[in-house]
Enquirer: 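Mind having a look at this structure? Questions to follow.
Along the sequence shown, residues are numbered consecutively beginning with 1. Just follow the structure's listing: the first ligand is 1, and inside any ligand the first atom is 1.
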Amino acid sequence: MAHLLSTENFTKIGEFIYRKTGIYLEKDKHYEKLAKYIDKRAEELGVDSFRKYFFKLRFDDADADEFQALMNAITVNETYFFREKDQFEALVNHILPELHATMPTNRPLRILSSPCSTGEEPYSMILHIVEEGDIVEKRDIEVVGIDIDSTVIEKAKAAKYTERSVHAIPKNILNKWFDKKSFGYDLGEDLQGSVDFQVANIFDKAQMRKLGKFDVIFSRNMLIYFDDASRKEVAMTFYDMLNPGGYVLLGHAEYMSRIVSVFNAKKVDNTLIYQK
Ligand SMILES: C[S@@+](CC[C@H](N)C(=O)[O-])C[C@H]1O[C@@H](n2cnc3c(N)ncnc32)[C@H](O)[C@@H]1O
């Protein structure tokens, strides 16, 4: 059976998604998945054409539920604990001690995980902070995790993980901070609530402003889904959200020097970090 979404309309909805989220969908890679989603969603809504679905998405979506459902369907949420572990080591051994020494002492140090997907990245920060160094005894630290996909934020809050998700956590740390269940692991009570999770779109300036200022921003494995113009916009958003002297860390395949030149790049151990 033919899909409701024609290849011509794929371009239209692709532009709409790109404008709202920076996510750039390619016909070869994404048409089939998006077309199947729209067939399913149109049936649920009782509409019989792409035009009617697209109208609802753009003009009849006051609470943005339809847009949220579309986002939840198209995002790629792959993540796991201790992914690119060197960066968590750099955070706890270099960045936080330096910021503790240089930033005003009357406030907490604030870290943003943007995007956090199902929470493994911000919880990996917390695990490194409680397991290594002594920063946790000296200074309050706040960790905030955001993602555009509301289903992953719900999962992050629930903090129930699969064997695959926790495979890179050393056994002693896993046994100490998680409860083994018949399927997978639950984050233990001591660390429940240690991250403030919120649904937010990095391109929504009002939502970003509401989060406040940060000292460290991790933004790993999201920019790869954007084109150059969107990467530049996001990099400048991070620049605005950072306190002077604060740092950005990107995924291993992402380089700030190819995007904007406003940050100073430094190397600590094996990790590139970018300072405002
Ligand atoms: C591959 S995951 C990366 C998770 C984690 N940072 C890591 O490296 O393991 C990419 C995430 O980016 C989120 N994302 C994509 N576009 C976004 C946007 N405009 N605003 C916020 N999050 C976005 C997706 O929902 C997805 O969960």
Side-chain angles (χ1 to χ4, degrees), residues 14-26 29-30 33-34 37 64 67-88 90-91 111-128 143-159 161-162 164-169 195-211 214 216-238 240-241 248-255 259 271-272:
E15 279 168 9
F16 172 78
I17 292 169
Y18 172 74
R19 259 200 330 276
K20 299 263 279 193
T21 69
I23 298 171
Y24 181 72
L25 298 181
E26 293 171 58
K29 283 197 207 155
H30 302 108
K33 184 177 175 189
L34 186 57
Y37 169 76
F67 178 70
Q68 188 64 63
L70 175 63
M71 285 305 101
N72 296 356
I74 64 165
T75 50
V76 177
N77 310 117
E78 161 67 14
T79 186
Y80 55 90
F81 280 92
F82 288 33
R83 182 183 198 179
E84 296 164 18
K85 180 172 170 33
D86 289 352
Q87 297 185 316
F88 300 112
L91 174 73
I111 309 173
L112 178 66
S113 167
S114 163
C116 64
S117 187
T118 34
E120 286 87 333
E121 180 178 285
Y123 286 136
S124 296
M125 296 174 186
I126 298 277
L127 287 168
H128 280 78
V143 179
V144 178
I146 64 157
D147 203 285
I148 197 170
D149 183 336
S150 60
T151 56
V152 294
I153 291 296
E154 284 315 308
K155 286 185 183 162
K157 287 180 181 167
Y161 293 102
T162 59
R164 198 196 152 277
S165 173
V166 301
H167 76 276
I169 306 180
V195 177
D196 173 12
F197 288 108
Q198 301 186 33
V199 180
N201 176 359
I202 189 75
F203 288 95
D204 185 323
K205 299 263 185 289
Q207 284 180 343
M208 290 301 109
R209 252 196 313 275
K210 251 197 228 153
L211 297 172
F214 291 88
V216 184
I217 298 176
F218 270 53
S219 185
R220 309 186 312 162
N221 307 303
M222 173 181 71
L223 297 179
I224 41 174
Y225 300 106
F226 299 166
D227 72 348
D228 286 348
S230 304
R231 286 184 190 131
K232 201 167 271 185
E233 188 175 336
V234 173
M236 291 316 294
T237 298
F238 290 153
D240 291 341
M241 291 174 82
V248 177
L249 287 84
L250 302 179
H252 277 181
E254 300 158 333
Y255 296 93
I259 307 174
T271 298
L272 262 177

Enquirer: Could you tell me which non-hydrogen atom of I259 sits nearest to which non-hydrogen atom of A235, and how far apart they are?
Expert: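 For I259 versus A235, the nearest heavy atoms are CG2-CB, 4.0 Å.
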Enquirer: Looking only at protein heavy atoms, which one is nearest to atom 24 (C) of ligand 1, and what is the separation?
Expert: D147 OD1, 3.4 Å
Enquirer: Does I148 reach ligand 1 with a nitrogen or oxygen that is under 3.5 Å from one of the ligand's nitrogen or oxygen atoms?
Expert: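 The answer is yes, given that I148 and ligand 1 share an N or O pair closer than 3.5 Å.
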Enquirer: Can E120 and T79 be counted as having a side-chain donor-acceptor contact under 3.5 angstrom?
Expert: no
Enquirer: Starting from atom 5 (C) of ligand 1, which protein heavy atom do you reach first, and at what distance in Å?
Expert: E121 OE1, 3.5 Å
Enquirer: Tell me, yes or no, whether the heavy-atom count around K232 atom NZ, taken from other residues, nucleotides or ligands under 6.0 Å, exceeds 12.
Expert: no
Enquirer: Please work out which of the three classes, parallel, tilted or perpendicular, describes the rings of F82 and H128, given edges at 30° and 60°.
Expert: tilted
Enquirer: Determine whether the side chain, the backbone, both or neither of R220 has a heavy atom under 4.0 Å from any heavy atom of ligand 1.
Expert: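 Both backbone and side chain.
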Enquirer: Distance to 0.1 Å, residue and atom name: give those for the protein heavy atom nearest to atom 15 (C) of ligand 1.
Expert: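 Here the closest protein heavy atom is I23 CD1, 3.9 Å.
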Enquirer: In terms of residue, atom name and distance, what is the protein heavy atom nearest to atom 26 (C) of ligand 1?
Expert: V76 O, 3.2 Å
Enquirer: Does an N or O from N201, backbone or side chain, lie closer than 3.5 Å to an N or O of ligand 1?
Expert: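 Yes, at least one N or O pair falls under 3.5 Å.
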Enquirer: More than 12 heavy atoms of other residues, nucleotides or ligands under 6.0 Å from NZ of K85: is that the case?
Expert: yes
Enquirer: For ligand 1, does S113 get within less than 4.0 Å through its side chain, its backbone, both, or neither, judged by non-hydrogen atoms?
Expert: neither
Enquirer: Polar contacts were defined as any N/O atom of the residue lying under 3.5 Å from an N/O atom of the ligand; does this apply to Y225 and ligand 1?
Expert: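 Checking ligand 1 against Y225, no N or O pair falls under 3.5 Å apart.
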Enquirer: What I'd like to find out is whether the side chain of D149 reaches to under 4.5 Å of the side chain of M71, using heavy atoms alone.
Expert: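 Not in contact.
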Enquirer: Nearest to atom 8 (O) of ligand 1, what protein heavy atom do you find, and at what distance?
Expert: N221 ND2, 2.7 Å
Enquirer: What is the closest protein heavy atom to atom 20 (N) of ligand 1, and at what distance does it sit?
Expert: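 Here the closest protein heavy atom is I202 N, 3.0 Å.
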Enquirer: Regarding S230 and Y18, do their side chains bring together a donor and an acceptor under 3.5 Å, going by distance alone?
Expert: yes
Enquirer: Tell me whether the rings of F88 and F218 are parallel (<30°), tilted (30 to 60°) or perpendicular (>60°).
Expert: parallel
Enquirer: So for ligand 1, is V152 a polar contact partner (N or O within less than 3.5 Å, distance only)?
Expert: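 No.
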Enquirer: Distance to 0.1 Å, residue and atom name: give those for the protein heavy atom nearest to atom 7 (C) of ligand 1.
Expert: R83 NH1, 3.3 Å
Enquirer: Measure the shortest side-chain to side-chain distance between L250 and L272 over non-hydrogen atoms and say whether it is less than 4.5 angstrom.
Expert: no
Enquirer: Indicate whether the side chain of N201 and that of T21 have a donor and an acceptor atom separated by less than 3.5 Å.
Expert: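 The criterion, which ignores hydrogens and geometry beyond distance, is not satisfied for T21 and N201.
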Enquirer: Measure T75 to ligand 1 on non-hydrogen atoms and call it side chain, backbone, both or neither using the 4.0 Å cut-off.
Expert: side chain
Enquirer: Is it the side chain, the backbone, both or neither of F218 that has a heavy atom closer than 4.0 Å to ligand 1?
Expert: neither
Enquirer: Side chain, backbone, both or neither: which applies to I146 and ligand 1 if a contact is any heavy-atom pair less than 4.0 Å apart?
Expert: neither
Enquirer: Polar-atom distance check: C116 versus ligand 1, any N or O pair below 3.5 Å?
Expert: no
Enquirer: Which residue holds the protein heavy atom closest to atom 11 (C) of ligand 1, what is that atom called, and what is the gap in Å?
Expert: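 For atom 11 (C) of ligand 1, the nearest protein heavy atom comes out as P115 CG, 3.4 Å.
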Enquirer: With a 4.5 Å cut-off on side-chain heavy atoms, are I148 and P115 touching?
Expert: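 With C-beta onward as the side chain, the pair stays apart.
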Enquirer: Do R164 and E78 meet the salt-bridge criterion of a basic N to acidic O distance under 4.0 Å?
Expert: yes
Enquirer: Is the closest heavy atom of A200 to ligand 1 under 4.0 Å?
Expert: yes
